[in-house]
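One structure is given here, and the rest of the page talks about it.
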There are 2 protein chains.
Amino acid sequence: MNVEEIIKTDKRIALDKRTIIHLSLVYNKVNEQISLALKPFEISVQQFNVLRILRGQGDTPANLSTINDRMVTKMSNTTRLVDKLLSKGYVSRKVCKINRRKVEIKITEEGLDILKEIDGILFETEQRILKNFNKEELKELNLLLDKF
Amino acid sequence: MNVEEIIKTDKRIALDKRTIIHLSLVYNKVNEQISLALKPFEISVQQFNVLRILRGQGDTPANLSTINDRMVTKMSNTTRLVDKLLSKGYVSRKVCKINRRKVEIKITEEGLDILKEIDGILFETEQRILKNFNKEELKELNLLLDKF
DNA sequence: ATTAAATTTTTGTTAAATCCATTATTAACA
DNA sequence: TGTTAATAATGGATTTAACAAAAATTTAAT
């Protein structure tokens, strides 16, 4: 991916600016491919992420703020994201007995099933996205990303 | 930024998966800071990008597909993005005489003025976002991003 | 010249994100 | 205990995005 070519400019862009544009372009591209991979399952990247978080929780039910924390997204949205997953039968929700302000959200068997299906496709997609990298380069990239 | 810490997991994540999650986290963080910097100007990142593209065009007016090309976003949105900028007086739009399907979009003086204002703030924001990088690291990062 | 095809932009519809206020419950504490 | 503050989640209103289809115009083809 060549930044200047994509945004069709002949001017030299300052390294800082270029880095941030570069990052956006790459993220867009990656996101596009992942959305596409999820499309047959009629699930959005966000919904998928919530499911993944819930699976990660094991038997411990998660409440909305926990999900929200792990998501870097806005709470008000998370409520409705969970609504969507609920209506698809992928999660269950009930009020927490100990603290009735909280809700306990758990992934259902159906949720686990669809995640299992998605896992394979997603793995392939990730491989494809990263096909030009060797292991060392990936490590290096992760180290650099840590600096943000 | 430590991935495992942010998404609060103790499991080891495969390098490929980790890279992609890492990228999303970084992008989100960056985007958040830039949106915040633009907020006082009541302009969205997308709108700002359009303005920047138009400034890059100099006197050559751009049509919608040109803008769209340089944006990695969907066309149907671009029309309405330009509508917004038009209503704020930052761009002008008229039908192209030679090919009446096309529109000619140009940035106005007001548009240039606000861009000039934003430039400074954005520069600071970029510096802040990248404060942990030295020049070599940025170059390295850009090289790695090219591999996507 | 007439019709079909392609290009460029717009519009309608629906879904998703964002902002801000509100409700419900619990915690703090004078 | 009663009052205020803090926390957790929800809901309404508005923007923005995504998808599909339509409208307007030009190009190509017979």
Side-chain angles (χ1 to χ4, degrees), chain A residues 24 27-28 31-51 53-54 61-88 91-106, chain B residues 24 27-28 31-51 53-54 61-88 91-106:
Chain A
S24 306
Y27 173 80
N28 269 318
N31 205 248
E32 210 168 82
Q33 289 182 71
I34 293 181
S35 304
L36 204 67
L38 293 181
K39 199 159 200 186
F41 302 96
E42 298 191 52
I43 200 170
S44 71
V45 178
Q46 295 280 51
Q47 288 173 27
F48 170 69
N49 281 333
V50 172
L51 281 186
I53 288 165
L54 292 175
N63 54 43
L64 269 184
S65 2
T66 310
I67 296 175
N68 205 48
D69 275 359
R70 289 166 173 58
M71 284 226 318
V72 200
T73 357
K74 291 283 140 27
M75 167 81 85
S76 43
N77 211 21
T78 313
T79 299
R80 283 177 265 222
L81 257 178
V82 169
D83 284 347
K84 270 282 152 67
L85 291 171
L86 196 65
S87 75
K88 290 177 186 173
V91 306
S92 68
R93 172 170 57 188
K94 57 176 185 177
V95 281
C96 170
K97 279 191 189 118
I98 301 147
N99 185 339
R100 302 217 329 273
R101 284 173 302 188
K102 292 187 181 180
V103 290
E104 291 181 339
I105 299 153
K106 276 177 74 175
Chain B
S24 305
Y27 173 80
N28 269 317
N31 205 248
E32 209 167 83
Q33 290 181 69
I34 293 181
S35 304
L36 203 68
L38 292 182
K39 200 159 198 183
F41 302 96
E42 297 192 53
I43 199 170
S44 70
V45 178
Q46 295 281 50
Q47 288 173 28
F48 169 68
N49 280 331
V50 171
L51 280 187
I53 289 166
L54 291 175
N63 53 43
L64 271 184
S65 6
T66 310
I67 296 176
N68 205 48
D69 275 0
R70 288 166 173 59
M71 283 227 318
V72 199
T73 358
K74 291 284 139 25
M75 166 81 85
S76 42
N77 267 346
T78 313
T79 299
R80 282 176 265 222
L81 256 178
V82 169
D83 283 348
K84 270 283 151 67
L85 292 171
L86 195 65
S87 76
K88 290 176 184 172
V91 306
S92 69
R93 173 169 59 188
K94 57 175 185 175
V95 281
C96 170
K97 278 188 189 125
I98 299 146
N99 185 339
R100 301 214 331 270
R101 284 172 304 189
K102 294 189 180 177
V103 289
E104 291 182 338
I105 299 152
K106 277 177 76 175

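All values reported here derive from a predicted model rather than from experimental measurement. Letters A, B, ... mirror the listed sequences (proteins, then strands); counts begin at 1.
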Decide whether Asn68(A) and Ser65(A) meet the rule of one side-chain donor and one side-chain acceptor closer than 3.5 Å. no

Strand-adjacent residues in residues 75-88 of chain A, judged by heavy atoms under 4.0 Å from DNA chain D: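 Heavy-atom contacts with DNA chain D come from Met75(A), Ser76(A), Thr79(A), Arg80(A).
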
Rounded to whole angstrom units, what separation is found between the [atom1] atom of [X] and the [atom2] atom of [N]?
X	N	atom1	atom2	value
Glu32(A)	dA18(D)	CD	C1'	12 Å
Asn31(A)	dA17(C)	CG	P	11 Å
Lys94(A)	dA9(D)	NZ	C1'	18 Å
Ile43(A)	dA16(C)	CD1	C1'	15 Å
Gln46(B)	dA17(C)	CD	P	15 Å
Lys74(A)	dT14(D)	NZ	P	20 Å
Lys102(B)	dT10(C)	NZ	C1'	17 Å
Asn68(A)	dT10(D)	CG	C1'	13 Å

How close do [X] and [Y] get, counting heavy atoms only, and between which atoms?
X	Y	answer
Val45(A)	Ser35(A)	CG2-OG, 3.6 Å
Ala62(B)	Leu54(B)	CB-CD2, 3.7 Å
Val82(A)	Val91(A)	O-CG2, 4.0 Å

For Thr66(B) and for Ile98(A), find the nucleotide of DNA chain C with the closest heavy atom, then tell me which residue's nucleotide is more 5'.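 Its nearest nucleotide being more 5', the pick is Thr66(B).
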
Which residue lies more 5' along DNA chain C, comparing Cys96(A) with Gln47(A) via nearest heavy atoms: Gln47(A)

Here DNA chain D, pairs taken as Watson-Crick or G-U under 3.5 Å and shown with ( ), [ ] when crossing and | when to another strand, reads ||||||||||||||||||||||||||||||

Tell me whether the side-chain N or O atoms of Arg101(B) pair up with the base of dT9(C) as donor and acceptor below 3.5 Å, since no angle test is needed here.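 Answer no: no donor N or O sits under 3.5 Å from an acceptor.
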
Are any of the side-chain heavy atoms of [X] and [Y] separated by less than 4.5 Å?
X	Y	answer
Arg93(B)	Asp83(B)	yes
Met71(A)	Leu81(A)	yes
Thr66(A)	Asp69(A)	no

According to a strict under-4.0 Å criterion, is Ser44(B) in side-chain N/O contact with OP1 or OP2 of dT16(D)?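 Negative; the distance criterion is not met.
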
Please confirm whether the shortest side-chain N or O distance from Ser65(B) to OP1 or OP2 of dT7(C) is below 4.0 Å.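 No.
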
What's the closest nucleotide to the Arg100(B) side chain, out of dT25(D), dA9(D), dT10(C)?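 Closest of the options to the side chain of Arg100(B): dT25(D).
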
Side-chain donor-acceptor pairs of residues 95-105 of chain A under 3.5 Å, sequence neighbours excluded:
unit_1	atom_1	unit_2	atom_2	d
Asn99(A)	OD1	Arg101(A)	N	3.1
Asn99(A)	OD1	Arg101(A)	NE	3.2

Between Lys88(A) and Ile43(A) (side chain of the first, backbone of the second, donor and acceptor by atom type, cut-off under 3.5 Å), is there such a pair? no

